[in-house]
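Residue numbers run from 1 in the order of the sequence given.
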Amino acid sequence: MHLRRLLLLVVLLGSAPSAPAQTSDSANGIFLVASPALLDPNFHHSVVLVTQMADGGSIGFIVNRPGERSLAQILPDNTLLKRFTEPIFLGGPVEAAGLFAMFRAKDSPPGALRVLGDVYFAMDPAVVERVLHAPPERLRFFNGYAGWAPGQLALEIERGGWHVLNADADSVFRKNTNTLWQELLLRVRAVTASLR
């Protein structure tokens, strides 16, 4: 399958929410750490880097769920994709067949959504294609994303489904994410204990 066909497939499967124009000061990314009691298989033991959108909804990617195949393995005949050997992560249940990206960049790329410091989401297929052709140093691809309607995530947090922590780029892009959920859960418990 050619790159254009892959990106067209993403568009045909559904369009991602449009990223609102953001200023350099409007990044608001946080970690959602799934509560041990959260049994939804889509999010069980997950860590999600999430940002709030202008409409009050939230969007993010599960950062600790690598898949089994890379872009290079899925499309081995595509010379452009041969360099992308890191597994594609399972970003969430929304548009699970879509291809999205998270990356670090010094300057704000057109159409990308700034989430945290120099961390951006590429939700639009045109932005994903630009990233594929000129990849930044730190880049991760995702199938699907996590999304919440306005007020929905706040309700889930209030009910105890999620813990909220400050996010950091090093945790987002760490090579081995196997213990990330446990480590952040310990951090949540330490913060909670210090507040008592």
Side-chain angles (χ1 to χ4, degrees), residues 16-17 19-36 38 40 42-66 86-94 100-109 112-123 127 131 136-195:
Q22 290 194 337
T23 67
S24 59
D25 298 328
S26 63
N28 58 22
I30 56 168
F31 278 142
L32 296 177
V33 181
S35 162
L38 183 61
D40 180 343
N42 291 312
F43 295 109
H44 186 66
H45 290 187
S46 66
V47 176
V48 185
L49 177 61
V50 67
T51 188
Q52 187 171 30
M53 308 293 280
D55 68 358
S58 299
I59 191 168
F61 293 106
I62 300 172
V63 297
N64 66 327
R65 200 170 283 171
E86 184 181 74
I88 299 173
F89 277 59
L90 309 175
V94 183
F100 306 95
M102 183 189 311
F103 59 93
R104 297 184 79 170
K106 291 178 184 172
D107 300 314
S108 178
L113 175 64
R114 183 170 176 260
V115 177
L116 169 75
D118 63 354
V119 177
Y120 294 84
F121 289 168
M123 305 299 297
V127 180
V131 168
E137 187 177 331
R138 296 302 301 141
L139 171 64
R140 188 158 280 169
F141 292 103
F142 294 85
N143 281 137
Y145 63 90
W148 293 266
Q152 182 183 3
L153 181 55
L155 188 58
E156 290 183 18
I157 293 169
E158 189 179 311
R159 290 178 176 166
W162 298 100
H163 302 288
V164 178
L165 279 178
N166 290 334
D168 65 280
D170 289 340
S171 295
V172 169
F173 289 101
R174 68 191 269 179
K175 190 83 171 161
N176 185 344
T177 61
N178 290 341
T179 60
L180 183 60
W181 178 76
Q182 293 92 332
E183 290 170 26
L184 293 183
L185 194 59
L186 287 174
R187 194 186 306 173
V188 165
R189 290 175 177 158
V191 169
T192 304
S194 70
L195 293 174

What are the two closest heavy atoms between [X] and [Y], and how far apart are they?
X      : Y      : answer
Val50  : Ser58  : CG2-CB, 3.8 Å
Ala167 : Leu116 : O-CD1, 3.7 Å
Val131 : Pro136 : CG1-CD, 3.9 Å
Leu113 : Ile59  : CD2-CG2, 4.2 Å
Ile157 : Trp162 : CG1-CB, 3.9 Å
Val48  : Gly60  : CG1-C, 4.1 Å

Out of curiosity, [X] [atom1] to [Y] [atom2], how far, rounded to the nearest 0.5 Å?
X      : Y      : atom1 : atom2 : value
Leu180 : Ile62  : CG    : CD1   : 12.0 Å
Asn28  : Thr51  : CG    : OG1   : 3.5 Å
Tyr145 : Phe61  : OH    : CZ    : 8.5 Å
Met102 : Leu49  : CE    : CG    : 5.0 Å
Asp107 : Tyr120 : CG    : OH    : 7.5 Å
His163 : Ile30  : NE2   : CD1   : 13.0 Å

Quick check: do [X] and [Y] have side-chain heavy atoms less than 4.5 Å from each other?
X     : Y      : answer
Val63 : Ser171 : no
Arg65 : Ser46  : yes
Val47 : Leu32  : no

Would you say [X]'s side chain and [Y]'s backbone share a donor-acceptor pair under 3.5 angstrom?
X      : Y      : result
Arg138 : Phe173 : yes
Arg140 : Val172 : yes
Trp181 : Ala34  : yes
Asn64  : His45  : yes
His44  : Leu38  : yes

- prompt: Counting only heavy atoms not in Asn166, do more than 12 sit closer than 6.0 Å to its CG atom?
  reply: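 No, because the 6.0 Å sphere around CG of Asn166 holds 12 heavy atoms or fewer from other groups.
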message: Which residue in the set Gln52, Glu156, Met53 passes side-chain contact (heavy atoms from CB on, under 4.5 Å) when paired with Trp148?
response: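 Considering Gln52, Glu156, Met53, a side-chain contact (heavy atoms from CB on, under 4.5 Å) with Trp148 is found only for Glu156.
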- prompt: Do Phe121 and Phe100 have their ring centres less than 6.0 Å from each other?
  reply: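 Ring-ring flag for Phe121/Phe100: false, centres at least 6.0 Å apart.
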